[in-house]
Amino acid sequence: MLIAIIGESCTGKSTLADRLKGDFNAQVYTGKDYLRLAKNQAEAEAAFKALLENSVNGENVVYVITESEHLRLLPEGCFKVLVTAELAVIKERFAARMRGILPPPVAAMLENGHGRFDDIERDFHYGGDYEALVKAIGGRYGN
């Protein structure tokens, strides 16, 4: 099965991916991890697209997406999970990563990008109810 976890920075995608990795024995890829699959970007992207397509009905894979450009890599049949958080929470988490200080340009970047995934087609909107997510995944994949 292929689960795509989609959302802005600091919304909890990686935490969710780690949990799914353990519960579903899944391989996790994040962002441009796929570049390690080949020597040049075109070959790596082709190999990764094939890996993702094969995982829809094969090996369990979780792909964490923060950049809109990576949505085009997703094949038909994948399970798309949108992960969101309030802007204040995102800023607080991002500041914690930066030793408690959120520079104004970073704050502006977060504000400008907030909500950019809200209208994407998805199978599940994750707001913290992990059991409901697992049930939805099971409903799709018969687990």
Shortest non-hydrogen contact from I90 toward A85: CD1-O, 3.6 Å
hydrophobic_cluster_shared for L73 and F117, side chain cutoff 4.5 Å: yes
Under 3.5 Å donor-acceptor, R140 side chain and C78 backbone: yes
Distance-minimising heavy-atom pair for R72 and K49: O-CE, 4.4 Å
Closest contact, heavy atoms only, V64 versus A17: CG2-CB, 3.6 Å
Other residues, nucleotides, ligands: >12 heavy atoms within 6.0 Å of N40 CG: yes
OG1 on T15 to CG on L20, rounded to 0.5 Å: 11.0 Å
Value rounded to 0.5 Å, distance of CE in M109 from CZ in F94: 4.5 Å
In one Ile/Leu/Val/Met/Phe/Trp/Tyr side-chain cluster, 4.5 Å: L82, I65: yes
Cluster check V61, L16: I/L/V/M/F/W/Y, side chain < 4.5 angstrom: no
Flag side-chain contact, heavy atom, 4.5 Å: L35 against Q41: yes
E8 side-chain N/O to G115 backbone N/O, donor-acceptor pair under 3.5 Å: yes
Common cluster, F79/L51, ILVMFWY with side-chain heavy-atom separation under 4.5 Å: no
Parallel, tilted or perpendicular: ring planes of F124 versus Y126, cut at 30 and 60 degrees: tilted
Reported OH-to-CZ distance for the pair Y130 and R19, which is rounded to 0.5 angstrom: 5.5 Å
Y63 side chain to G31 backbone, donor-acceptor under 3.5 Å: yes
Parallel, tilted or perpendicular: ring planes of Y34 versus F48, cut at 30 and 60 degrees: parallel
Exercise: identify the closest heavy-atom pair between V56 and E76: CG2-O, 3.6 Å
Over 12 foreign heavy atoms within 6.0 Å of CD, E69: yes
Any F24 side-chain heavy atom under 4.5 Å of V134 side chain: yes
Shared hydrophobic cluster, V62 / I120 (ILVMFWY, side-chain heavy atoms < 4.5 Å): no
Closest heavy-atom pair and its distance - S55, L2: OG-CB, 3.4 Å
Separation between CG of L74 and CD1 of I3, rounded to the nearest 0.5 Å: 12.5 Å
pair L110-L102: side-chain heavy atoms closer than 4.5 Å: yes
Qualifying salt bridge (charged side-chain N to carboxylate O under 4.0 Å, His left out) pairs, either residue in residues 93-119, two or more places apart: K91-E111
CG on L37 to OH on Y29, rounded to 0.5 Å: 6.0 Å
Gap separating the CZ atom of R122 from the OG1 atom of T84, nearest 0.5 angstrom: 8.0 Å
Minimum heavy-atom distance K13-I6, with the two atoms named: CD-C, 3.8 Å
